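No experiment lies behind these values; they were computed from the predicted model shown. FYI, side chains are in, hydrogens and waters are out, and symmetry mates aren't considered; it's all heavy atoms of this structure.
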Amino acid sequence: MGASAPRRAWRGWRRARAAGWPLSRATILLFSAFLVPVPSSDEYLIRLPRGFRISQDPVKIVGSAHFPVSVYVMLHQRSPHVLCVDQQLRNAELIDPAFQWHGPKGKIISENSTAQVTSTGSLVFQNFEETMSGIYTCFLEYKPNVEEAIKNLQLKYIVYAYREPHYYYQFTARYHAAPCNSVYNVSFEKKLLQILSKLVLDLSCEISLLKSQCHRIKMQKAGLQNEMFFTFSVSSLDTEKGPKTCKGHDCEYFIRLSKARHLIERFFNQQVEALGRRAEPLPQIYYIEGTLEMVWINRCFPGYGMNFLKHPHCPECCAECLKNKPTKCK
């Protein structure tokens with residue numbers, strides 16, 4: 001009986017070493033691969049279960065035969081795998097299964113570049129766009145076993161595009177002002193916005209004036225005074241440039257907004273300090289100490305809405321408002 005492959009490889013290696021042949025690291029690794037012991041015929045082979053997977057499965061969404069299932073896909077991203085089975089059939093063996101998907105634009109074929117049907121009947125979207133939202137229906141034909149007749153199953157999904165909210169800080173502040181019809185107030189408003197915008201420019205943030213009003217205020221001990229009420233926001237310049245790849249307040253754009261907030265707060269505190277050191281009478285227009293207030297806003301862009309009752313599985317999503325579809329924005 002001839003020598004086994006590992007034994008022949010070992011002899012060849014020894015002869016090469018005896019002859020003084022240089023052996024590279026790649027050659028040694030190649031010989032090592034041949035030297036892995038092979039189980040003898042009386043050893044048992046391990047049989048892996050059918051459901052065994054080495055790699056982790058992607059996110060998968062299962063349908064229901066009783067109600068449409070909502071699916072949320074981030075704009076311009078790849079979707080989860082939408083399965084053409086319900087929970088009962090997910091881990092069952094299906095004999096001769098046949099899958100067919102229909103979307104808002106008709107039948108979906110596996111060669112489609114944006115909405116693909118896998119060999120196992122799953123629907124996957126690539127680079128999801130708003131126009132791809134809507135109702136999708138899967139038709140499944142299968143046999144539970146070879147003896148039984150063909151069974152049919154119809155599953156519906158409502159697919160929504162969603163995106164990150166528009167995050168920004170909103171500030172309100174009050175100033176003692178000139179008479180409300182004075183041009184000095186208009187000039188001061190422009191100057192204030194210029195200063196604030198310059199403060200946050202290096203952080204790639206922008207200041208937007210949301211509201212500016214002048215009112216006459218009756219003070220108990222100081223009579224009538226004119227005050228200007230400012231409402232402005234500070235937001236990141238890149239909030240509309242696609243989805244964010246991070247979550248929480250550790251994101252780079254959250255950090256920039258936080259730095260911008262601190263600069264604005266310091267600017268108003270410095271105005272108070274400057275007035276406190278002033279010996280001569282106060283100027284006609286000045287910041288009223290303690291009136292600066294700030295709130296954190298996360299607001300959906302037009303055409304998107306955030307609603308826990310309508311989207312309980314994605315309550316913080318700015319989901320697309322589907323026109324003429326089962327769900328509309330609040």
Side-chain angles (χ1 to χ4, degrees), residues 45-75 77-162 305-322 324-328:
L45 295 176
I46 299 176
R47 182 182 178 88
L48 297 177
R50 290 194 179 192
F52 179 80
R53 295 289 186 274
I54 295 178
S55 59
Q56 186 178 3
D57 287 340
V59 178
K60 296 181 178 180
I61 298 176
V62 181
S64 172
H66 306 291
F67 55 85
V69 173
S70 297
V71 181
Y72 302 91
V73 186
M74 180 173 279
L75 204 61
Q77 298 295 299
R78 191 171 187 267
S79 76
H81 284 232
V82 185
L83 306 186
C84 190
V85 291
D86 57 14
Q87 190 63 44
Q88 183 179 358
L89 296 178
R90 180 173 187 179
N91 298 317
E93 291 187 347
L94 306 180
I95 298 177
D96 297 331
F99 310 94
Q100 190 174 116
W101 281 92
H102 288 261
K105 299 180 180 179
K107 183 178 178 180
I108 301 172
I109 58 177
S110 58
E111 292 79 10
N112 194 318
S113 59
T114 55
Q116 301 175 351
V117 180
T118 68
S119 58
T120 56
S122 298
L123 179 65
V124 183
F125 297 98
Q126 308 286 346
N127 190 24
F128 196 80
E129 300 287 347
E130 294 176 347
T131 55
M132 300 162 66
S133 300
I135 298 177
Y136 288 79
T137 306
C138 179
F139 301 92
L140 169 64
E141 290 185 354
Y142 70 98
K143 286 185 177 182
N145 55 63
V146 292
E147 286 81 14
E148 293 190 35
I150 294 177
K151 290 191 174 183
N152 297 277
L153 180 65
Q154 178 178 322
L155 303 172
K156 286 186 177 294
Y157 297 87
I158 305 177
V159 182
Y160 297 90
Y162 79 93
M306 190 184 299
N307 190 310
F308 172 77
L309 296 178
K310 295 177 181 177
H311 306 291
H313 299 292
C314 199
E316 296 182 357
C317 295
C318 281
E320 183 187 5
C321 309
L322 299 182
N324 302 321
K325 302 289 172 61
T327 310
K328 296 182 179 179

Next on the checklist: Minimum heavy-atom separation for Val146 and Lys143, please, with both atom names.
Outcome noted: O-NZ, 4.2 Å
Item to check | Residue pair Leu140 / Cys84: nearest heavy atoms and the distance that separates them | outcome: CD2-O, 3.4 Å
Next on the checklist: I need the Asp96 CG to Tyr142 OH distance, nearest 0.5 Å.
Outcome noted: 13.0 Å
Checklist entry - Looking at CD of Glu320 and OG1 of Thr131, how far apart are the two atoms once the value is rounded to the nearest 0.5 Å? => result 8.5 Å
Checklist outcome for this item: His102 and Phe139 have their tightest heavy-atom pair at CD2-CE1, 3.5 Å
Next on the checklist: To the nearest 0.5 Å, what is the distance between NZ on Lys310 and SG on Cys321?
Outcome noted: 7.5 Å
Checklist outcome for this item: Partner of Phe125 under ring pair (Phe, Tyr, Trp, His ring centres under 6.0 Å), picked from Tyr136, Tyr160, Tyr157, is Tyr136
Checklist entry - Below 6.0 angstrom between ring centroids: does that apply to His311 and Tyr162? => result no
Checklist entry - Judged by atom type as modelled, is there a donor-acceptor pair below 3.5 Å linking the side chain of Trp101 to the main-chain atoms of Gly121? => result yes
Checklist entry - How many angstroms lie between CD in Gln126 and CD in Gln77, if you round to the nearest 0.5 Å? => result 11.0 Å
Item to check | Heavy atoms of other groups near Gln88 CD, more than 12 under 6.0 Å | outcome: no
Item to check | For the student: nearest non-hydrogen atoms of Leu155 and Ala65, plus distance | outcome: CD2-N, 3.7 Å
Checklist outcome for this item: When rounded to the nearest 0.5 Å, the distance separating CZ of Arg90 from CG of Leu83 is 6.0 Å
Item to check | Atom pair CZ/CD1 of Phe99 and Ile108 - distance to nearest 0.5 Å | outcome: 14.5 Å
Checklist outcome for this item: Nearest heavy-atom contact between Leu89 and Leu94 is CD2-CD2, 4.1 Å
Next on the checklist: Is it the case that the side chain of Ser79 and the backbone of Val73 share a donor-acceptor pair, with hydrogens and angles ignored and the cut-off at 3.5 Å?
Outcome noted: no
Checklist entry - Considering all heavy atoms of both residues, which atom of Met132 and which atom of Asn127 are nearest to each other, and what is their separation? => result SD-O, 4.1 Å
Checklist entry - Taking the side chain as C-beta and beyond, is there a heavy-atom pair between Ser122 and Lys60 under 4.5 Å? => result no
